[in-house]
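In what follows, residues are counted from 1 in the order of the sequence shown. As the structure is a computational prediction, the values presented were derived from the model and not from experiment.
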Amino acid sequence: MNWEPAIPSPMPAPMAPPAKMLAPAKRASPTMGSVGMMNLLGWVMQTGFDSIYGLGGAVLACDGRTESTYLGTLDGPMVRYIDAIESSKGLRVAPRLGQLLPAHCTSTGKAMLAQLSTDELRSIYPAEDLEILTPRSISNRTALEAELARVARRGFAVTNEESEESVSAVAVALPADRTPTLLAVNVSMPSIRLNRDELRSIADTLSKTVAEAVEELF
């Protein structure tokens, strides 16, 4: 089990005002990892002259549950976690900021993969066998395609100890046809705190936040 002790966080440096919002672009490649073109007000904001991007104010609503919230992008068959709002709880998911994890083992990755066509998906996963991180990880492409169909139908993705034992997460992707690169937001927590009611509540909150941000920006 990979938990972090409750250590007071240092005061964050003041965030610079958001840079000028870029005009919507055509949909990028599903493997594009950079968010440099996506200066999304309230979602992805430039924090200074060093081109560091972070979670904006619109995502803070998801942090009201005091669980860890992550912003991720698709990088080939991997998810790259590009920003985070860490939980203040003593029992929490260990920080994943900057990590690369197999997309099919994460809720963030499955939320984004569910928006791809079959051809796009199979270009990322040309082989049937998939890497596993835990006994619950999806281990083959056929099972992944079935799972992604379920994700597409319900509008959010869930993982239950698929990337790490005792860790569960819920994720919602920004609509791929409305944004220039693939992004998703997840809420991660110890599995013991995610029951059916809480799962639905988190999914609804994430879906509402994403929908409001997309309508405002695009």
Side-chain angles (χ1 to χ4, degrees), residues 1-9 55 59-75 77-115 129-174 183-210:
M1 186 180 296
N2 189 10
W3 305 126
E4 287 287 307
I7 301 174
S9 300
L55 287 172
V59 183
L60 292 176
C62 300
D63 195 47
R65 305 176 175 282
T66 68
E67 302 290 0
S68 297
T69 306
Y70 295 94
L71 176 69
T73 187
L74 197 62
D75 190 352
M78 311 294 285
V79 162
R80 183 182 299 277
Y81 294 100
I82 57 177
D83 199 32
I85 302 171
E86 301 293 351
S87 173
S88 60
K89 291 186 177 181
L91 186 63
R92 63 193 179 206
V93 177
R96 291 184 171 184
L97 181 60
Q99 286 190 11
L100 279 170
L101 289 176
H104 66 280
C105 297
T106 70
S107 62
T108 307
K110 290 195 285 187
M112 292 184 285
L113 292 171
Q115 301 190 88
D129 292 337
L130 304 177
E131 176 184 3
I132 63 171
L133 298 181
T134 76
R136 295 194 176 193
S137 299
I138 295 174
S139 61
N140 61 79
R141 192 179 63 190
T142 300
L144 176 62
E145 290 177 343
E147 170 68 0
L148 296 181
R150 289 189 287 271
V151 172
R153 285 196 300 271
R154 68 190 177 203
F156 63 90
V158 179
T159 50
N160 181 19
E161 304 188 9
E162 295 169 48
S163 64
E164 185 176 350
E165 293 183 0
S166 303
V167 173
S168 295
V170 184
V172 172
L174 277 73
L183 288 172
V185 179
N186 88 50
V187 173
S188 299
M189 70 206 70
S191 297
I192 58 172
R193 290 209 292 264
L194 185 63
N195 56 41
R196 185 178 297 274
D197 291 340
E198 183 70 1
L199 188 158
R200 172 53 67 178
S201 181
I202 293 173
D204 288 346
T205 299
L206 283 172
S207 297
K208 181 180 178 180
T209 304
V210 167

- Query: Would you say E145's side chain and A143's backbone share a donor-acceptor pair under 3.5 angstrom?
  - Reply: no
- Message: Could you check whether any side-chain N or O of S201 sits under 3.5 Å from a backbone N or O of D197, counting only pairs where one atom can act as donor and the other as acceptor?
- Response: no
- Item | H104 (side chain) donor-acceptor with R141 (main chain) under 3.5 angstrom | no
- With a 4.5 Å limit on heavy-atom distance, are the side chains of E162 and I138 in contact? yes
- Item | Contact check, side chains of S68 and M189, non-hydrogen atoms, under 4.5 Å | no
- Is the shortest heavy-atom distance from the side chain of T106 to the side chain of N186 under 4.5 Å? no
- Charged N to carboxylate O under 4.0 angstrom, D204 versus K208? no
- Task: Check for a donor-acceptor pair, side chain of S139 on one end and backbone N or O of L130 on the other, with a separation under 3.5 Å.
- Result: no
- Minimal heavy-atom distance between A114 and V151, with the atoms involved, is CB-CG1, 3.6 Å
- Minimum-distance pair of heavy atoms, taken over all atoms of A157 and A111: CB-N, 3.7 Å
- Message: Going by the rule salt bridge (Lys or Arg N to Asp or Glu O under 4.0 Å), which residues pair with E147 if we only count those two or more places apart in sequence or in a different chain?
- Response: K110, R150, R154
- Do you know the tightest heavy-atom contact between S207 and G155? OG-O, 4.4 Å
- Message: Check whether T134 reaches the backbone of E161 with its side chain - one donor and one acceptor, N or O, closer than 3.5 Å.
- Response: yes
- Task: Kindly say whether V187 contributes a backbone atom to a donor-acceptor pair with the side chain of T69 at under 3.5 angstrom?
- Result: no
- Query: Between CG of L148 and CD of Q115, what distance do you get to the nearest 0.5 Å?
  - Reply: 10.5 Å
- Note on the structure: In short, A103 meets L113 closest at the heavy-atom pair CB-CD1, 3.9 Å
- Straight-line distance of S137 OG to L144 CG, nearest 0.5 Å: 11.5 Å
- Show your working on side chain to side chain contact (heavy atoms under 4.5 Å, CB included) between T108 and Y81 and close with a plain yes or no. CA-CA 9 Å; T108 307; Y81 294 100; 3.8 Å; yes
- Item | Full working for side chain to side chain contact (heavy atoms under 4.5 Å, CB included) between N160 and S191 | CA-CA 7 Å; N160 181 19; S191 297; 3.8 Å; yes
- Query: Taking C-beta and beyond as the side chain, do P190 and E67 meet within less than 4.5 Å on heavy atoms?
  - Reply: yes
- Query: Under 4.5 Å between any side-chain heavy atoms of V170 and E198, yes or no?
  - Reply: no
- How many angstroms lie between CD1 in I132 and CG in N140, if you round to the nearest 0.5 Å? 11.0 Å
